[in-house]
Amino acid sequence: MKFYSTKNKKKAYSFREAVIKGLPEDNGLFMPERFPQLSESFFEEIKELSIAEIAYRVILPYVSEDIPEADLKLICDKAFNFEVPLVNVKKDFYSMELYHGPTMAFKDFGARFMAGCLGYFSKDSDKEVNILAATSGDTGGAVAAGFYKTPGVSVTILYPKGKVSELQERQLTTLGENISAVEIDGTFDDCQKLVKKAFLDEELNARVNLSSANSINVARLLPQSVYYFYAWSRLASEDRKIAFAVPSGNFGNITGGLFAKMMGLKVENFIAATNLNKIVPDYLKQGQFMPKPSIQTVSNAMDVGNPSNFDRLMSIFNKNWQLARQVVKGYYYTDEETLEAIGHVYRKYGYILDPHGAVGYKALTTYMDGRPSVTGVLLETAHPIKFADHVEESIGKKLEEPEGIKDLYSRNIDKIPMKNSYDKFKEYLIEKATVEG
Ligand SMILES: *Cc1c(COP(=O)(O)O)cnc(C)c1O
């Protein structure tokens, strides 16, 4: 399988090249040349397969020229080695909890899979790979944990000062080893711009071997299509259609779902659920894509004013707005509605949502009204404990602390504070690469 830039269909890249590069030179995004079609027998057998086995079957056609089958199996077993409960919240409504990995967010799947791929690729290379990732909260922790101590890989994470939770900051800044955290005096969009600029800087790229671990990397994207197959295999039947609600920011997770659909998975609709950063719901409504500065909300992993996967959505739908809005339904909610939903769901059903999941809950509930033959699956993207303040206030009681958390608070924080300046950032990257040599 070859990969192409969304901006240039002529130049082909291998999976390996696409993963290591992260972004094509032309500032587009990598897309597969086609979507492999899964066989009917796959959809019959899938009910018996574990999620790691599903991952292996779904991802193999994209990577088979670059990763031997046995290695891919190992990578999938490692990336998909925690449980994915499908919790029945209310009638025909399931919460797929994607947060049982090491950093308690769905991004663990993508980060762990990508780390596995880069670990495999770096086996026969003596050049160190420098991963850059901007985070609005969860990406950074997942990438840091996923790549921690991966040989041949050094990681730099940028995060906006004062705009991630204390827990998230600790997940970024307490590992050390091959992980560095840079605290930018600016917004998440500023962080993302610095990273984008670094990738387009020819002089820098000649000196430092840069790669991206943001949701724009294809190795992050492919594993994010796997759990859609998994949920379908456990919940679909002759007379039940499946719709997925996806709390969205950069729209990588929902793009993973659309990949699954393009490979043959029968999905009635995808629900794009956002907070007031409603760029995509607005696009679906009006047909115009209008990026804006991001607005800070309680579901901060979705505070994105210029969703980085939008070009991929356009590529999947051939820039056809009518088609896009047939498949993807957009909804957005305020902080007040989000927090109210957390309290409501807890009191009525005894289930605890995090703020991102709560946005998705509201969207899916609205969508399902009047669609009795649809089973709804909410992608619960983060553990409620990651947003303990808001959640505890909404449900009126303390949350239980999962094990891994207590340990985080006993470690030292190590971060590099930096102005929002590309020159400073570049200087830092060159210095770091020189020191590590
Ligand atoms: C990253 C994140 C999202 C948004 O995912 P995208 O792939 O960027 O759309 C939603 N919820 C949580 C908890 C996240 O960490």
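The figures that follow rest on heavy atoms only: side chains count, while hydrogens, waters and symmetry mates do not. Indexing begins at 1, ligand by ligand and atom by atom, following the structure's order. Note that the structure is predicted; figures quoted are calculated from it, not measured.
Those atoms of ligand 1 that come under 4.0 Å of a heavy atom in Phe106, given as number and element, are 1 (C), 2 (C), 3 (C), 5 (O), 7 (O), 14 (C).
A 6.0 Å sphere centred on CG of Asn81 holds more than 12 heavy atoms belonging to other residues, nucleotides or ligands.
With a heavy-atom cut-off of 4.0 Å, Lys107 touches ligand 1 through its side chain alone.
In this structure, the ring of Tyr13 has its center no less than 6.0 angstrom from the ring center of Tyr4. Taking the six-membered ring for Trp and the full ring otherwise, Tyr227 and Phe109 have centroids separated by under 6.0 Å.
Inclusion of Gln224 in the set of residues having an N or O under 3.5 Å from an N or O of ligand 1 is not warranted. Between Ser248 and ligand 1, no N or O atom pair is found at a separation short of 3.5 Å. For a threshold of 3.5 Å applied to N or O pairs, the pair formed by Phe251 and ligand 1 contains at least one separation below that value. Not a single N or O atom of His356, backbone or side chain, sits closer than 3.5 Å to an N or O atom of ligand 1. The shortest N or O to N or O distance between Gly252 and ligand 1 is below 3.5 Å. Residue Ala382 has no N or O atom closer than 3.5 Å to an N or O atom of ligand 1.
A salt bridge does not link Glu268 with Arg371: none of the charged nitrogens is closer than 4.0 Å to a carboxylate oxygen.
Counting heavy atoms only, Asn253 comes closest to atom 7 (O) of ligand 1 of the residues Asn250, Ile254, Asn309, Asn253.
Side-chain contact between Lys292 and Ile279 is present, with heavy atoms from C-beta onward closer than 4.5 Å. Residues Phe93 and Lys90 form a side-chain contact, since some pair of their non-hydrogen atoms from C-beta on lies under 4.5 Å apart.
The only member of Val328, Ile271, Leu379, Asn309 that meets side chain to side chain contact (heavy atoms under 4.5 Å, CB included) when paired with Ile254 is Val328.
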